[in-house]
Novice: 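One structure is given below, represented as structure tokens, and several questions about it will come after.
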Amino acid sequence: MEKNTETENKPLDFIRQIIADDLATGKHRKSITRFPPEPNGYLHIGHAKSICLNFGVAEEFGGTCNLRFDDTNPSKEDISYVESIKEDVRWLGFNWGEKELYASDYFQTLYEFAVSLIKRGKAYVCELSPDEIREYRGTLTAPGKNSPYRDRSVADNLKLFTAMKNGEFTEGSHVLRAKIDMNSPNLNMRDPVIYRILYADHHRTKDAWKIYPMYDYTHCLSDMLEKITHSLCTLEFQDHRPLYDWVLDTLETPCHPRQIEFARLNLSYTVMSKRKLLRMVDNDHVDGWDDPRMLTISGLRRRGYTPGSIRNFCRTIGIGKSDSRIDMAVLENEIRSDLNVNAERRMCVQDPVKLVIDNYPENQVEMVEGKNHPQDPDKGIRPLPFTREIFIERDDFMDDPPKKYFRLGPGREVRLKYGYLVQYLSHKVNPETGEVEEIRCTYDPESKGGFAPDNRKVKGTIHWVSAEKNVPVTINMYDRLFNVEDPEADKDVDFLEHLNPESKVVLKNCIAEPDVVNLSVGQNVQFERLGYFCIDSVESTTDKPVFNRTVTLKDSWTPNK
RNA sequence: UGGGGCGUCGCCAAGCGGUAAGGCACCGGGUUUUGAUCCCGGCAUUCGUAGGUUCGAAUCCUGCCGCCCCAGCCA
């Protein structure tokens with residue numbers, strides 16, 4: 001009974017329109033897309049947008065989508081990242097066929113293309129230092145000037161490039177540059193570096209290469225080699241498209257994929273860049289890449305988000321070209337609507353206060369019946385032990401409640417969900433702390449299950465757990481990581497200044513109904529009236545489960561109104 | 001002040017010359033053994049702005065304004 005909103009009709013976004021047109025006109029017989037992560041960090045919800053787009057297009061148009069690691073910078077990349085990326089893509093529900101691809105698999109071919117570029121007089125070995133190259137490049141408003149090495153002979157260039165490849169030069173001493181136009185208003189076209197010397201071990205090719213190709217040169221050719229039809233990337237690459245096209249045109253490749261750019265995802269109350277996420281991890285502001293407060297795929301998974309909810313989220317936000325920042329409430333809405341349908345209900349008291357039922361027999365344990373889902377009888381029922389002493393939520397009792405507070409208070413009657421109707425008798429306050437210590441009630445023996453025998457109206461229904469038969473649990477109450485909508489808005493204030501100090505509050509004295517011991521790690525559950533939770537995969541121990549709060553239930557109760 | 005983009009409701013977003021979809025948020029009301037869910041209803045005379053073309057413009061043209069990206073041997 002999973003709600004399938006993923007296939008509902010929705011107007012095609014501009015990219016899907018282009019692809020549909022290309023298919024309709026016969027320009028392409030099928031679409032081939034690719035998701036090209038660099039293995040230098042963990043995937044986050046922004047990547048999920050790209051994954052859902054690229055793999056989604058493949059599914060919708062009967063095409064294919066490659067998973068290709070853009071591993072051209074060994075100094076930043078690592079095998080551990082490729083493993084996590086594969087796991088995350090798979091978890092999101094996508095497959096990439098036989099095996100994943102790597103730009104590093106094309107190193108030899110890429111090298112040969114570079115030789116071809118040199119032979120065509122379109123690339124040269126430059127000996128300017130990095131600083132000099134920057135200087136020669138000019139500025140946004142001033143044109144650049146030609147490198148003194150620009151007009152070397154093809155033979156010299158070939159010899160020098162071979163020497164670079166053979167490790168005869170030091171890092172930084174030589175680069176291979178495309179010979180385009182130092183006067184171009186587009187900085188990317190001012191003889192961009194396409195190969196640099198790097199004496200770093202590559203996680204796949206080890207020490208086979210001393211030179212590594214740059215992104216702009218590698219990406220278009222990798223796309224071409226894989227016969228990608230539509231190469232989808234984010235807005236900041238718009239200025240790179242002329243270079244993408246130049247390389248393929250100059251090399252007269254048989255296939256020329258079309259690069260199309262879309263806006264990257266921004267979410268309120270969080271940051272998205274890998275650099276910033278890495279900083280939070282390194283400085284222990286969070287407990288690792290998979291901290292449940294992180295918007296990484298692994299963090300969301302640990303938090304209790306489902307793959308379907310993330311896919312739905314990506315679908316509802318759409319694809320466009322304007323810079324945008326999506327409200328966190330949209331993401332929360334997706335996980336709530338998934339879990340509302342799919343998560344079973346249980347009871348748990350997060351801030352317990354004891355309630356004694358005066359007229360209930362001592363030492364009696366009575367089993368009452370709880371529905372696992374209020375709207376879905378197929379999810380079955382479970383027995384709940386009811387006893388004379390129980391725990392209720394501290395919030396559910398008020399000494400002097402406002403009129404519209406319909407929970408327990410002097411003179412009031414409430415329903416203990418699935419249990420009995422109870423009537424307030426008295427309560428004890430700790431003289432030192434002023435906290436309510438114990439509440440006494442009487443119950444209506446005719447109201448078992450919570451049904452009023454005379455149909456009298458009982459407005460309030462609260463949750464409870466037996467004081468004798470229960471399981472103590474810890475709950476991590478997670479909240480948004482930052483306390484401002486856009487932590488990066490003010491360039492003069494470090495984004496870490498906006499960290500929400502209460503983003504993780506650990507409640508160690510929670511009491512759950514006995515059945516929670518049957519829950520498996522990662523399984524989503526709703527604790528009635530509190531929110532959605534799941535058992536944490538790393539902090540839980542066999543004798544004490546630790547729950548993560550995925551998201552609260554919507555709460556429209558406003559006190560004093 | 002160079003180049004590339006973008007501006008439709010509080011946040012996203014359809015709209016492709018014929019008279020402003022949808023989602024989230026928000027506000028009412030109903031049902032309810034979760035103040036949840038569910039259900040009904042409300043929510044842009046107006047599309048950054050000023051002109052122009054047209055019987056008719058968010059859609060076409062022109063000028064202005066605002067925001068984002070680019071000067072890595074990162075991707």
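All heavy atoms count here, side chains included; hydrogens, waters and symmetry mates do not. Below, chains carry the letters A, B, ... as their sequence lines are ordered, and counting in each starts from 1.
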Novice: Which is true for A:Asp239 with a 4.0 Å heavy-atom rule: it touches a base, it touches only sugar-phosphate, or it touches nothing?
Specialist: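 Base: the residue A:Asp239, judged by heavy atoms under 4.0 Å, touches a nucleobase.
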Novice: When the distance from CZ of A:Arg325 to C1' of B:rC68 is rounded to whole Å, what number comes out?
Specialist: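 My rounded result for the distance is 13 Å.
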Novice: Return whichever of A:Gly172 or A:Tyr532 has its heavy-atom-nearest nucleotide of RNA chain B closer to the 5' end.
Specialist: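 First, find each residue's nearest nucleotide; the 5'-ward one identifies A:Tyr532.
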Novice: Under 4.0 angstrom, heavy atoms only, what part of the nucleic acid is A:Gly318 near: base, sugar-phosphate, or nothing?
Specialist: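 It contacts nothing in the nucleic acid.
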Novice: Counting only Watson-Crick pairs (N1-N3 plus N6-O4 or O6-N4) and G-U wobbles (N1-O2, O6-N3), all under 3.5 Å, who is the partner of B:rG51?
Specialist: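 Across any shown strand, B:rG51 pairs with B:rC61.
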Novice: If the cut-off is 4.0 Å, is A:Arg134 near the phosphate of B:rG72, judged by side-chain N/O to OP1 or OP2?
Specialist: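 Yes, A:Arg134 has a side-chain N/O under 4.0 Å of OP1/OP2 on B:rG72.
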Novice: From the options B:rG3, B:rG2, B:rC74, select the nucleotide whose nearest atom is closest to the side chain of A:Met214.
Specialist: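 Between B:rG3, B:rG2, B:rC74, the one nearest the side chain of A:Met214 would be B:rC74.
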Novice: Is there aromatic stacking of A:Tyr215 against B:rA75, centre distance under 5.5 Å, plane angle under 30°?
Specialist: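 According to the criterion (under 5.5 Å, under 30°), no, A:Tyr215 does not stack.
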Novice: A:Pro185 side chain: which of B:rC12, B:rG3, B:rC6 is closest?
Specialist: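 Of the candidates, B:rG3 comes closest.
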Novice: Would you kindly give the CG-to-C1' distance between A:Leu43 and B:rA75, to the nearest whole Å?
Specialist: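 Computing the A:Leu43:CG to B:rA75:C1' distance gives 14 Å.
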Novice: Classify A:Arg415 by what it touches in the nucleic acid, base, sugar-phosphate, or nothing, heavy-atom distance under 4.0 Å.
Specialist: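 A:Arg415: base contact, heavy atoms under 4.0 Å.
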Novice: Does A:Ile133 reach a base, just sugar-phosphate, or nothing at all? Heavy atoms under 4.0 Å.
Specialist: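 A:Ile133: base contact, heavy atoms under 4.0 Å.
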Novice: Go through the N and O atoms of the side chain of A:Glu77 and the base of B:rC74, and report whether any donor-acceptor pair is under 3.5 Å.
Specialist: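 For A:Glu77, whose side chain was compared with the base of B:rC74, there is no donor-acceptor pair (under 3.5 Å).
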Novice: Between the base of B:rG35 and the side chain of A:Asp555, is there any donor-acceptor pair under 3.5 Å?
Specialist: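 Not at all, since no donor on one side and acceptor on the other fall under 3.5 Å apart.
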Novice: Pick from A:Tyr215, A:Tyr244, A:Phe262: which one makes a ring pair (Phe, Tyr, Trp, His ring centres under 6.0 Å) with A:Phe237?
Specialist: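 Testing A:Phe237 for a ring pair (Phe, Tyr, Trp, His ring centres under 6.0 Å) against A:Tyr215, A:Tyr244, A:Phe262 leaves exactly one candidate, A:Tyr215.
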Novice: Which part of the nucleic acid, if any, lies within contact of A:Lys417, taking any heavy atom under 4.0 Å across all strands shown: a base, the sugar-phosphate backbone alone, or nothing?
Specialist: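 Since a base atom lies under 4.0 Å of A:Lys417, the category is base.
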Novice: Given B:rA75, is OP1 or OP2 found less than 4.0 Å from the side-chain N or O atoms of A:Thr72?
Specialist: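 A:Thr72 to B:rA75 OP1/OP2: side-chain N or O found under 4.0 Å.
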Novice: Expressed as a whole number of Å, how far does the C1' atom of B:rA14 sit from that of B:rA71?
Specialist: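 My reading of the C1' atoms in B:rA14 and B:rA71 gives 38 Å.
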Novice: What distance, rounded to whole Å, do you find between the two P atoms, one in B:rU54 and one in B:rC61?
Specialist: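 One P to the other, the span is 16 Å.
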Novice: For a quick check of understanding: with a heavy-atom distance under 4.0 Å over all strands, which category does A:His240 fall into, base, sugar-phosphate or nothing?
Specialist: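 Since a base atom lies under 4.0 Å of A:His240, the category is base.
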Novice: Which part of the nucleic acid does A:Pro374 contact within heavy-atom distance under 4.0 Å: base, sugar-phosphate only, or nothing?
Specialist: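 Contact class for A:Pro374: base.
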Novice: With a non-hydrogen cut-off below 4.0 angstrom, is A:Gln17 in contact with a base, only sugar-phosphate, or nothing?
Specialist: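 Base contact.
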Novice: How would you label the contact of A:Arg241 with the nucleic acid (heavy atoms, under 4.0 Å): base, sugar-phosphate, or nothing?
Specialist: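 If one applies the 4.0 Å heavy-atom cut-off, A:Arg241 turns out to touch nothing in the nucleic acid.
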Novice: Give me the distance, rounded to whole Å, that separates B:rA44 from B:rC38 when you measure between the C1' atoms they each carry.
Specialist: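 It works out to 28 Å between them.
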Novice: Under 4.0 Å, counting only non-hydrogen atoms across every strand here, what does A:Glu528 touch: a base, just sugar-phosphate, or nothing?
Specialist: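 Result for A:Glu528 = base.
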Novice: Under 4.0 angstrom, heavy atoms only, what part of the nucleic acid is A:Leu128 near: base, sugar-phosphate, or nothing?
Specialist: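 Here A:Leu128 touches the bases of the nucleic acid.
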Novice: For a quick check under 3.5 Å, do A:Glu261 and A:Gln259 share a side-chain donor-acceptor pair by atom type?
Specialist: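 The answer is yes; a qualifying pair exists.
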Novice: Once you apply a heavy-atom cut-off of 4.0 Å, does A:Gln526 come out as touching a base, just sugar-phosphate, or nothing?
Specialist: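 Result for A:Gln526 = base.
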Novice: If you measure from the C1' atom in B:rC68 to the same atom in B:rC60, how many Å do you get, rounded?
Specialist: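 One C1' to the other, the span is 26 Å.
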Novice: Under 4.0 Å, counting only non-hydrogen atoms across every strand here, what does A:Ser556 touch: a base, just sugar-phosphate, or nothing?
Specialist: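 The residue A:Ser556 makes sugar-phosphate contact but no base contact.
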Novice: Quick one: do A:Asp444 and A:Arg415 make a salt bridge, cutoff under 4.0 Å?
Specialist: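 The answer is no: the pair does not qualify as a salt bridge.
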Novice: Would you check if the side chain of A:Tyr405 reaches a backbone N or O of A:Phe397 as a donor-acceptor pair within less than 3.5 Å?
Specialist: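 Present.
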Novice: Would the base of B:rU37 count as contacting A:Arg336 through its side chain, where contact means a donor and an acceptor less than 3.5 Å apart?
Specialist: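 When only heavy-atom distances are counted, A:Arg336 does not reach the base of B:rU37 through any donor-acceptor pair under 3.5 Å.
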Novice: Compare every heavy atom of A:Thr139 with every heavy atom of A:Arg190, then report the nearest pair and how far apart it is.
Specialist: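 In this case the closest contact between A:Arg190 and A:Thr139 is NH2-O, 2.7 Å.
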Novice: Using 4.0 Å as the upper bound for N to carboxylate O, is an ion pair formed by A:Glu171 and A:Arg196?
Specialist: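 Answer for the salt bridge query: no.
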Novice: Between A:Phe69 and A:Tyr81, does the ring centroid distance fall short of 6.0 Å?
Specialist: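 Distance test on ring centres: not under 6.0 Å, no.
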Novice: Hey, which of these two, A:Arg196 or A:Gly419, hits RNA chain B nearer its 5' end, going by closest nucleotide?
Specialist: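 Of the two residues, A:Gly419 wins.
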Novice: Taking only side-chain nitrogens and oxygens of A:Ser184, does any of them come within less than 4.0 Å of OP1 or OP2 of B:rG3?
Specialist: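 No, because none of the side-chain N or O atoms of A:Ser184 sits under 4.0 Å from OP1 or OP2 of B:rG3.
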Novice: Only pairs with both distances under 3.5 Å count, Watson-Crick or wobble alike; so what is the partner of B:rG66 in this structure?
Specialist: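 Partner of B:rG66: B:rC6.
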Novice: Hey, does the side-chain of A:Gln375 have a donor or acceptor N/O within less than 3.5 Å of a partner on the base of B:rA36?
Specialist: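 Looking at the base of B:rA36, it does pair with a donor or acceptor on the side chain of A:Gln375 (distance under 3.5 Å).
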Novice: Tell which nucleotide pairs with B:rC11, taking only Watson-Crick or G-U wobble pairs whose two distances are both under 3.5 angstrom.
Specialist: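 B:rG23 - that is the nucleotide pairing with B:rC11, both distances being under 3.5 Å.
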Novice: So what does A:Tyr195 touch, heavy atoms closer than 4.0 Å: a base, only the sugar-phosphate, or nothing?
Specialist: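 The residue A:Tyr195 makes no contact with any strand.
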Novice: Hey, could you give me the CD1/CG distance between A:Ile197 and A:Leu176, rounded to the nearest 0.5 Å?
Specialist: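 These two atoms lie 10.5 Å from each other.
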Novice: If the P atom of B:rA50 is compared with that of B:rC9, how far apart are they to the nearest Å?
Specialist: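 Looking at atom P only, B:rA50 and B:rC9 are 16 Å apart.
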Novice: Could you tell me whether B:rG72 is syn or anti, where syn means a glycosidic angle within 90 degrees of zero?
Specialist: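 Syn.
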